[in-house]
Every structure is written in structure tokens, then in C-alpha cells.
Amino acid sequence: MASVADNVMRFFRGSSDQASAPAVPQKRSRRSSGMAEISRLLNSEESLCVLDLGSTSASNIRFLTAKGHKNYSEDLLQASLDPALRVKDETGKLVPDRKKFLDENLTYANGLFDVVLCWNLPDYMEESLVKPTIDRLWSVMKPGGLLLVFFHTRDAGPDAPCYRFHITGTDMLETQEVRLTGTGDKQIPRLQRVFNNRNIENLFRDFASIKFFLARDAIREVLLVR
Amino acid sequence: MDAPKTGEFAHIGKSVVVKGELSGSEDLYVDGHVEGTIELRNNSLIVGPNGTIKATVNAKSVVIQGKVDGAISASERVELRKSAVVNGDVSSHRIAIEDGASFQGKIDIQREPGKAAAS
């Protein structure tokens with residue numbers, strides 16, 4: 001039988017372990033005007049092809065497949081951080097190989113997708129991969145297809161956490177902090193840059209139309225029509 | 001999820017490697033490595049936590065805790081447990097995915113004829 005002293009020590013050890021344990025990423029709900037617009041299309045038609053470029057989300061798969069749509073899932077941020085993609089440039093610095101990245105990712109037939117959920121990918125992806133990725137998305141989308149992208153505003157700050165997005169309703173999203181899993185330690189993606197409105201317009205200049213929604217949480221939602 | 005008891009499922013242990021076509025009429029638990037095709041049209045397949053499959057899978061139901069590269073077709077349901085890593089297209093009437101599972105590919109939910117007509 002454990003003595004009172006043992007129990008007291010166990011109590012203190014237990015509480016200190018709890019204090020040092022990493023916090024479980026909390027989920028937070030937010031309204032999304034961009035998602036509301038996408039949902040109008042998802043509710044009005046069946047068997048659309050939807051590409052989700054975020055981390056695997058059971059909520060998103062459930063939401064999309066329950067409406068009779070085909071869900072394609074590809075975690076592009078994780079793929080972009082693959083060490084096997086790195087090559088040395090002329091200065092000897094390791095940079096991602098754009099050609100290899102596009103040979104191995106987003107390899108779909110042209111004009112396949114009605115909807116692409118890009119989430120906050122451009123903010124966290126390496127600079128040299130962003131434009132080629134958007135160009136490839138343009139190619140794999142149907143004319144008239146919708147693309148939803150989120151950008152941080154300058155107010156977010158450089159340490160703004162990277163979130164994954166779970167669709168919980170026609171205009172509701174749940175956000176959860178991303179912790180990427182790799183072969184080694186878990187990585188936490190860092191905000192690479194902040195796009196201003198002109199940067200965003202240039203990035204998507206091949207798209208037919210662009211619509212901005214400014215949210216309260218220092219996020220600009222951008223809805224594009226291919 | 002624990003491994004099923006011997007006798008309930010045919011069992012491929014973690015040191016076993018199978019290359020070629022694997023078919024049968026009993027439920028199968030794979031904790032080893034299978035490359036090729038798996039045909040269990042009226043039975044279930046469980047891929048254990050150590051299981052690695054590089055194959056086209058046809059089964060009644062599929063539960064994945066390990067790694068699968070290849071297309072999965074299930075007439076009833078597919079379950080991806082939190083340790084699952086799946087690269088390939090999934091076609092089934094139902095799918096369940098635990099938080100933490102990784103999936104890359106297409107999910108096509110087959111509508112049951114009665115429900116499709118009703119909706």
C-alpha cells in the first residue's frame with residue numbers, strides 16, 4: 001500500500017507532467033463567406049469534382065460526399081516540404097525543385113475540377129512553388145470552376161499559426177492548428193509572407209474574376225472563378 | 001483496435017511478404033507486406049498497424065491501420081483508423097476516417113440504388 005508521502009509525491013509529479021505536456025491544438029469555429037458561396041454551388045448540383053488541398057479532414061470528406069460529390073484529397077503543404085524535393089541552386093543553397101514538385105503533385109487531367117479548396121496554402125508554401133502551383137490549379141480546373149483561398153492580412157503577424165480547416169456547415173469552418181508529421185520531428189509551418197491585394201490580383205491574373213471577403217480574424221478570403 | 005483472434009480471420013504476419021494475386025472466401029488480417037491484387041469480394045480485409053499494401057483491393061469491407069498504396073473498392077464500407085496512410089482512390093458505399101489518418105486520392109461514395117431514387 002502506498003504511503004501518504006508517496007501519494008503526495010505522485011500528486012505533484014502528476015500535476016507537473018500535465019503542465020509540461022504540449023497543449024492539444026484547439027478547434028475554433030468561424031464563419032466563412034467564401035465557403036457560403038461555394039456551398040451554393042455544392043447544394044445546387046450533384047457529382048461535382050472537388051479538390052481539397054489541406055490536411056486530410058474527415059469532416060470535409062463527409063460534407064462533400066454526403067452531397068454526392070467526388071472528393072479528391074492532396075496535402076500539398078506537406079508534399080512541398082518533402083526533403084527529397086530539395087536541390088542545390090547555383091549558390092549551393094537548397095531549394096525545392098519546381099519541376100519535380102509538379103511532376104509528383106497535382107497530376108490531374110486538365111479541366112477536371114469544379115471546385116478547389118486551397119485554404120491558406122500560398123501563405124505557408126515556399127515562394128518559388130506558389131506561382132507554378134496556381135498555374136497548375138488553373139489548368140486542372142473547369143472554366144467557371146471556383147477556387148477558395150485564404151490569405152493573412154498584415155495584422156496577423158509573422159507567427160500566425162497555420163490552420164487546417166474542417167467544414168462543419170454551409171458557411172461554417174472549424175480551424176485546427178497544423179502540426180505536420182514527417183519522418184523526423186514534427187514541424188510547424190511558418191508564415192512565409194503576407195500578400196497584399198495587388199500581389200493577390202497578380203497571382204490570379206489568369207482567372208476570370210476575383211472576389212475578396214475580409215474576415216475579423218485577420219484573414220482575407222478570396223473566391224476566384226476560373 | 002487489437003488484432004482479431006486467430007480463427008476469426010486468416011492472418012498474414014508482419015514478417016510475411018506476398019507478391020501476386022491474393023483471393024479467398026474468408027476474412028483476412030494483413031500485418032505484413034502484400035504487393036499485387038487482393039480479391040475478397042464477400043469478405044473483410046483488415047490492414048494491421050504494421051501492414052503495408054501495394055495492391056488493388058476489392059473487398060466487402062476494408063479497415064486500415066497501416067499503409068496502403070493502390071485503389072480500394074469496398075461494397076460495404078472503408079474505415080481509415082488514425083494511423084492509416086492511404087495513397088489511392090477509394091470507392092465504397094460508406095467511409096469512416098479517424099482524425100490523424102492521412103489520405104491522398106479520390107473518394108467516390110457509391111449511392112445505394114434505393115437511396116439515390118429517394119433523394
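Order of the sequence lines sets the chain letters (A, B, ...), proteins ahead of strands, with each chain counted from 1.
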For Leu80(B), which atoms come within 4.5 Å of any heavy atom of chain A: side chain, backbone, both, or neither?
neither
Under 3.5 Å: donor-acceptor pair, side chain of Ser73(B), backbone of Asn58(B):
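Side chain of Ser73(B) to backbone of Asn58(B), a donor-acceptor pair under 3.5 Å: no, none is there.
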Would you verify whether the NZ or CZ of Arg28(A) falls within 45 degrees of the ring axis of Tyr163(A) while also being under 6.0 Å from that six-membered ring's centre?
yes
Quick check with a 6.0 Å cut-off and a 45 degree axis cone: is Arg164(A) positioned over the face of Phe150(A)'s six-membered ring?
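Negative - Arg164(A) is either too far from the ring of Phe150(A) or too far off its axis.
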For Ala79(A), is it the side chain, the backbone, both, or neither that has a heavy atom closer than 4.5 Å to a heavy atom of chain B?
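For Ala79(A), neither part sits under 4.5 Å from chain B.
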Any chance the side chains of Ser92(B) and Gln110(B) put a donor and an acceptor closer than 3.5 Å?
no
Return the option, out of Ile107(B), Ile109(B), Ile97(B), Asn87(B), with the maximum number of heavy-atom pairs under 4.5 Å with chain A.
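So the answer, after comparing Ile107(B), Ile109(B), Ile97(B), Asn87(B), is Ile107(B).
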